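What follows is a short report on a single structure.
On a predicted model such as this, the values are computed, not experimentally measured, just so you know. Throughout, protein chains are lettered first and strands after them, A, B, ... in sequence-line order, and every chain is numbered starting at 1. We use all heavy atoms of the structure for the numbers below, so side chains are in, but hydrogens, waters and symmetry mates are not.
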Protein chains: 2
Amino acid sequence: MPRVRLVDVAQRAGVSMKTVSNVVHNHPHVAPELRARVQAVIDDLGYRPNLTARRLATGRTGMIALAMPEIDHPYFAELSRRIAEEATRRGYRVLIEQTLSQDDAEHAVLRDREEGLVDGVIFQPVRMGTLEIARLDHDTPLVLLGESASPVTTDHVMIDNVAAARDAVRHLLALGRTRVAFAAVVADDITGSTNRRLVGYQEALVEADAPLTPDLVFSSPDFSPEGGAASVRRAIDTGVAFDALLCRDDKFALGALKALADAGLRVPEDVAVIGWDDTQLASYTSPTLTSVSPDKTALAEVALELLLERIGGHQGPGRHRIVPHTIAVRQSAPYR
Amino acid sequence: MPRVRLVDVAQRAGVSMKTVSNVVHNHPHVAPELRARVQAVIDDLGYRPNLTARRLATGRTGMIALAMPEIDHPYFAELSRRIAEEATRRGYRVLIEQTLSQDDAEHAVLRDREEGLVDGVIFQPVRMGTLEIARLDHDTPLVLLGESASPVTTDHVMIDNVAAARDAVRHLLALGRTRVAFAAVVADDITGSTNRRLVGYQEALVEADAPLTPDLVFSSPDFSPEGGAASVRRAIDTGVAFDALLCRDDKFALGALKALADAGLRVPEDVAVIGWDDTQLASYTSPTLTSVSPDKTALAEVALELLLERIGGHQGPGRHRIVPHTIAVRQSAPYR
DNA sequence: CCACGGGTTTACAGCGCTGTACATTGAGGA
DNA sequence: TCCTCAATGTACAGCGCTGTAAACCCGTGG
């Protein structure tokens with residue numbers, strides 16, 4: 001059964017296609033009785049606008065792409081949800097893309113983008129750095145998230161990771177802890193995020209004249225919780241003394257909590273622990289997890305704001321926005 | 001700067017638009033030297049096909065919609081990832097939609113679908129039941145997931161929740177546990193999933209002639225881990241005797257583990273616990289969580305398979321597919 | 001030598017809607 | 001009575017690509 005088109009409605013109602021289009025879009029300056037008659041025909045025929053045709057005519061898709069490393073990573077899943085909800089509020093749909101932190105896939109996000117797929121892209125690169133992104137010749141409106149790249153030519157939204165790491169370490173020191181460890185660095189994969197968090201970690205220890213030694217920076221083979229657990233186990237086994245732990249992210253924190261429990265170390269009594277990302281699971285670990293909390297709603301809102309301005313035609317240098325963070329204080333590193 | 005179109009390439013190369021289209025699509029029967037000449041012009045001008053125009057011409061979008069209750073729910077996030085990966089393998093892109101388990105939003109997934117947005121939909125309803133979905137007059141290719149609806153007119157993929165619940169309870173009984181509780185029913189919201197899992201829970205207890213009393217079915221105000229924790233706390237406080245726990249999902253299991261730990265009850269020594277969904281966090285709870293494990297890869301593959309057949313024109317009654325499940329055995333309810 | 005079939009390329013209409021420019025009409029004010 | 005402006009509706013080209021049918025040419029077989 002052929003699809004009902006605008007021209008079909010127009011013919012049945014005895015008006016032009018443009019008039020039907022005006023009614024569909026609630027255009028002013030349509031005589032009330034004509035509007036009613038056209039609407040009755042629309043309802044009667046069950047006419048629904050064809051979005052593909054509309055997009056061709058307007059040059060707009062009404063969609064944005066959201067390219068994340070892993071869509072089921074708790075932090076990315078939560079951030080994606082907020083972006084999707086904000087996009088929906090602003091009348092956009094979200095096409096999800098997963099890069100699995102792979103070079104090729106990240107390059108493809110921008111380089112191989114076809115025309116007429118989306119109006120703009122929100123992209124959290126892991127591999128691609130500032131120069132790589134700056135060098136890509138693309139004209140798709142783009143906003144970056146994360147910490148791996150910050151070209152002056154592209155809009156970018158993030159929290160101040162250095163400051164957030166400093167705040168987290170200060171919180172641990174304020175609890176009277178003196179030997180703060182970092183879990184963990186992935187030896188062959190020191191990403192932008194890891195770097196900035198390490199900077200803040202070191203700044204806070206230096207500022208407090210607290211111990212800062214290489215053995216306090218744990219090493220993991222990968223980014224899994226199990227890797228985090230293994231890094232903490234190894235530190236314990238080799239006799240590293242630490243009474244506090246800043247984890248690179250909540251997954252590492254999960255692993256750390258497990259390794260500490262297995263070793264009979266109580267959290268926070270023996271070791272105070274802070275994670276990062278403040279994902280949902282931070283509230284339900286045992287003990288509940290204190291975590292660096294990026295304002296995900298603000299990340300989403302600002303990213304959408306900047307992207308829609310670019311889609312709307314805004315030109316000019318990249319805008320870099322810092323959104324707030326807090327420390328979500330729970331049992332694993334409580335208030336004093 | 002205006003966009004490079006097919007017609008621009010054709011004019012520069014001195015051929016018809018169709019010839020350029022043939023080259024772009026690697027159509028056979030193009031003279032090699034002509035193909036090379038056209039390709040050189042394509043590269044030189046930086047031509048990229050316009051997908052919106054292509055879609056209008058072909059009537060296909062190359063996209064499917066994936067409508068889930070919550071995109072950051074661990075189980076839905078993992079399932080979404082598998083579906084997205086399988087779709088990508090089959091040359092489709094995924095548009096993510098979130099219904100938040102709301103009636104209106106679920107109805108909108110099908111009823112308000114505009115033409116030319118996607119070629120088909122994979123939908124996990126929570127509210128809409130079999131008759132509601134059967135009554136919706138829609139012609140968008142559709143595959144359902146989950147347990148809330150199974151109309152004979154629509155393709156549907158799921159695990160056998162009754163059998164899986166039975167298997168889980170049997171596992172607990174095989175450990176020598178005698179009083180198996182269920183955590184939890186959400187009093188005002190007994191979904192299709194909850195029902196089927198309760199059926200299997202009861203069948204296994206009746207089959208083993210084990211205690212089956214209303215006080216063994218705990219009640220939660222909502223689906224949060226905290227609700228799950230509260231339901232277990234209340235049971236303990238009111239003196240309900242139980243030595244095993246089947247949780248409705250991993251979130252409830254998270255809450256249960258916490259409540260048991262808070263009450264000084266050891267898992268699995270004092271209470272053996274099984275969750276459901278086998279999400280990533282099941283491996284990192286303390287103790288690690290035994291969990292009913294739907295074969296998410298199979299769910300994704302079968303759903304995509306059925307959907308693409310519908311998109312390809314397949315007619316006929318709804319096909320209902322059961323995919324396998326296992327019990328992912330970990331510390332919280334180990335092998336005997 | 002002719003006919004047929006396959007390789008190769010082109011012409012053109014259509015997919016379905018929107019933006020723009022233009023035509024018409026009526027009301028109000030000078 | 002005339003002019004101006006706003007309301008209202010329409011005509012039409014274009015957005016950019018694809019499918020289909022047709023034209024042309026060449027090779028092979030009868």
Earliest and latest nucleotide of DNA chain D, 5' to 3', sitting under 4.0 Å from a non-hydrogen atom of chain B? D:dC15 to D:dT20
Who passes salt bridge (charged side-chain N to carboxylate O under 4.0 Å, His left out) against B:Arg135, sequence neighbours left out? none
Could you work out how much the helix from C:dC1-D:dG30 to C:dA30-D:dT1 bends, comparing the axis of its first five pairs with that of its last five, to 10°? 50°
Can you tell me how far P of C:dT10 sits from NE2 of B:His27, to the nearest Å? 13 Å
Residue pair A:Glu97 / A:Val109, side-chain heavy-atom distance below 4.5 Å: yes
In residues 30-39 of chain B, which residues come under 4.0 Å of DNA chain C by heavy atom? B:Val30, B:Ala31, B:Leu34
Would you check if there is a donor-acceptor pair between the side chains of A:Arg82 and A:Thr297 at a distance under 3.5 Å? yes
Name the nucleic acid region contacted by B:Thr19, choosing base, sugar-phosphate or nothing; use a 4.0 angstrom heavy-atom cut-off, strictly under. base
For residues A:Tyr92 and A:Ile311, determine if any side-chain heavy atom of one lies less than 4.5 Å from a side-chain heavy atom of the other. yes
Quick one: are B:Arg90 and B:Leu307 in side-chain contact, heavy atoms under 4.5 Å? no
Give the rounded distance in Å between these two atoms: NZ of A:Lys18 and C1' of C:dG19. 6 Å
Does a side chain donor of either A:Glu132 or A:His107 reach within less than 3.5 Å of an acceptor in the other side chain? yes
Have A:Glu85 and B:Gln98 got a donor and an acceptor in their side chains that come within less than 3.5 Å? yes
Taking the side chain as every heavy atom from C-beta outward, state whether B:Arg93 and A:Met63 have any pair of such atoms under 4.5 Å apart. no
Contacting residues from residues 5-14 of chain A, given that a heavy atom lies under 4.0 angstrom of DNA chain D: none
Indicate yes or no: at least one non-hydrogen side-chain atom of B:Leu79 is less than 4.5 angstrom from one of B:Leu145. yes
Min side-chain heavy-atom separation B:Leu6-B:Tyr47 under 4.5 Å: yes
Would a 4.5 Å heavy-atom cut-off, applied to side chains only, mark B:Leu45 and B:Arg12 as touching? yes
Just so I know, are the side chains of A:Phe76 and A:Gln124 near enough to count as touching, which here means a heavy-atom distance under 4.5 Å? yes
Which residue, B:Leu56 or B:Asn22, contacts DNA chain C at a nucleotide closer to its 5' end, judged by nearest heavy atom? B:Asn22
Along DNA chain D (nearest heavy atom to each residue), the more 5'-positioned of B:Val24 and A:Ser16: A:Ser16
Presence of salt bridge, B:Asp103 and B:Arg127, under 4.0 angstrom: no
Euclidean distance, A:Leu306 CG relative to A:Glu301 CD, rounded to 0.5 Å: 12.0 Å
For DNA chain C, determine which residues of residues 43-53 of chain B have any heavy atom closer than 4.0 angstrom to one of its atoms, and list them numerically. none
